[in-house]
Amino acid sequence: MQGEAARWAQASAFKRQTFFALEDVRRAHGAARVLGIALFALIVANALLVFTEPQVDVSTGVSQVLLAFGLASSVCFAVEYAARLWVADLARPGRTPARARVGYALSPMGLIDLLAFLPGLLVLVVPVSASMLNAARIIRLLRLIKLSRYMRGLRSISRVFEKRRHEIIAAFMVLALLTVTASVLMYEVEHPVQPEKFDSVLTGMYWAMTTITTTGYGDLVPITAAGRLIGFLTMVLSIGVVAIPAGIFSAGFVSEFRAQDARSRRRERQTEREDGACAPEAGREAEEVQEGDAEDEG
């Protein structure tokens, strides 16, 4: 903890404000706060661009404006990525600066930040085909994930996933086992009578997923008695199997909300203790002022 405090104390004011602008804009001041808000607005604008750009006629001048805006956004996101690498040692104080930067670069959000600007800049310097250009536009959809940094609810969801990951993995393993078993059995039973419908095990897996998730498109329907029995058992078992992850998530969210309430109460008690410790000092200062006034009057 002392090393972390020393690293924070050794950081320049500019670096600390850069960190606040990127990680906690509410604690930023002046230009750093404006920069953080502008970055959020840029991410939102790019999210809107993803939906509006396909509706614009490429022959109009509006498409050129949108193209220029996309390239400018790529440059801004590149600068943001470099800044996040610079302040990674403050965001990950438990590591050395080099390991903190490598940890950010290899983290899921670090990779998303990299892909948010890299394809757009590569289009400028590397000749690409129309298919590669479309792929770059699809990758640009990752910019939408950058909004997750500004949503507290998503942080709670990520903490639930992290704390309950073993139970979640076990639940989905059971779901996968049921899916594979049902798909293989349905293929073996229905393929001889419906070869054009159940032409592979993957088709049977598609039927199993639509059945387990209660989607039921109706394009694949068993017609044999054995196939209908397999479908009946799959639907009955899926009721319990699908309910397992829901229960795990519900318990995880309840536990997370209780932990958040406990943290809030601890912060309130700490604030009250700090205020109580300051009250005697304030009382002594008031007494000294009153004594000084009495001496002046005498």
Side-chain angles (χ1 to χ4, degrees), residues 1-47 50 69-126 128 132 135-163 165 256 263:
M1 294 297 294
Q2 294 179 354
E4 297 175 7
R7 180 181 299 180
W8 183 263
Q10 293 173 359
S12 63
F14 178 74
K15 186 173 184 178
R16 289 196 294 267
Q17 288 299 316
T18 302
F19 171 80
F20 289 144
L22 296 174
E23 299 291 343
D24 192 355
V25 70
R26 294 172 299 175
R27 300 174 61 184
H29 300 287
R33 179 183 289 269
V34 174
L35 179 63
I37 296 174
L39 180 60
F40 173 75
L42 182 63
I43 296 173
V44 173
N46 276 268
V50 169
F69 176 76
L71 296 177
S73 299
S74 298
V75 174
C76 293
F77 290 140
V79 175
E80 179 206 1
Y81 182 78
R84 288 188 181 278
L85 281 176
W86 182 43
V87 301
D89 56 334
L90 298 181
R92 294 169 171 79
R95 307 180 185 180
T96 62
R99 292 185 61 185
R101 293 183 174 94
V102 172
Y104 163 71
L106 297 180
S107 66
M109 287 305 301
L111 295 176
I112 289 171
D113 290 336
L114 179 65
L115 294 175
F117 73 88
L118 189 60
L121 295 182
L122 288 178
V123 170
L124 293 178
V125 297
V126 178
V128 295
M132 292 295 293
R137 291 175 177 173
I138 294 174
I139 294 175
R140 198 172 58 187
L141 290 172
L142 293 174
R143 295 177 180 179
L144 298 176
I145 304 178
K146 294 168 70 67
L147 288 172
S148 62
R149 284 196 176 99
Y150 303 91
M151 300 178 182
R152 294 183 180 180
L154 292 180
R155 298 179 185 177
S156 299
I157 294 175
S158 64
R159 283 193 291 266
V160 171
F161 270 96
E162 183 178 359
K163 293 178 181 179
R165 60 183 180 276
E256 178 62 24
R263 288 193 294 266

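Keep in mind that the numbers below use all heavy atoms, side chains included, and drop hydrogens, waters and symmetry copies.
Side-chain atoms of Asn46 come within 3.5 Å of backbone atoms of Leu42 as a donor-acceptor pair (strictly under, hydrogens ignored). Between the side chain of Arg101 and the main chain of Trp86, a donor-acceptor pair closer than 3.5 Å is present. Arg33 contributes a side-chain N or O that, together with a main-chain N or O of Ala28, makes up a donor-acceptor pair within less than 3.5 Å. Of the possible polar contacts, none joining the Glu23 side chain to the Ala91 backbone as a donor-acceptor pair under 3.5 Å is found.
Under a cut-off of 6.0 angstrom, the local environment of CZ in Arg165 is crowded, with over 12 non-hydrogen atoms contributed by other residues, nucleotides or ligands.
Aromatic rings from Tyr104 and Tyr81 are positioned such that their centres are separated by under 6.0 Å.
Heavy atoms only, all atoms of each residue included: Arg92 and Ala100 are closest at CD-O, 3.7 Å. Nearest heavy-atom pair, Ala45 versus Phe69, reported as atom, atom and distance to 0.1 Å: CB-CZ, 3.7 Å. Scanning all heavy atoms of the two residues, the minimum distance from Leu111 to Leu106 falls at CD1-O, 4.1 Å. Minimum heavy-atom separation, Val25 to Gly36: CG2-CA, 3.8 Å.
Separation of atoms CD1 (Ile145) and CG (Asp113) is listed at 10.0 Å; rounding is to 0.5 Å. Note: Thr18 OG1 to Glu80 CD = 12.0 Å, rounded to the nearest 0.5 Å.
Results of the salt bridge (Lys or Arg N to Asp or Glu O under 4.0 Å) test with Asp89 over Arg84, Lys15, Arg16 single out Lys15 as the only residue that passes.
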Side chain to side chain contact (heavy atoms under 4.5 Å, CB included) for Leu39 and Leu22? Distances and angles first, verdict last. CA-CA 8 Å; Leu39 180 60; Leu22 296 174; 3.9 Å; yes
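Judged by the 6.0 Å and 45° rule, Lys146 forms a cation-pi pair with Phe77.
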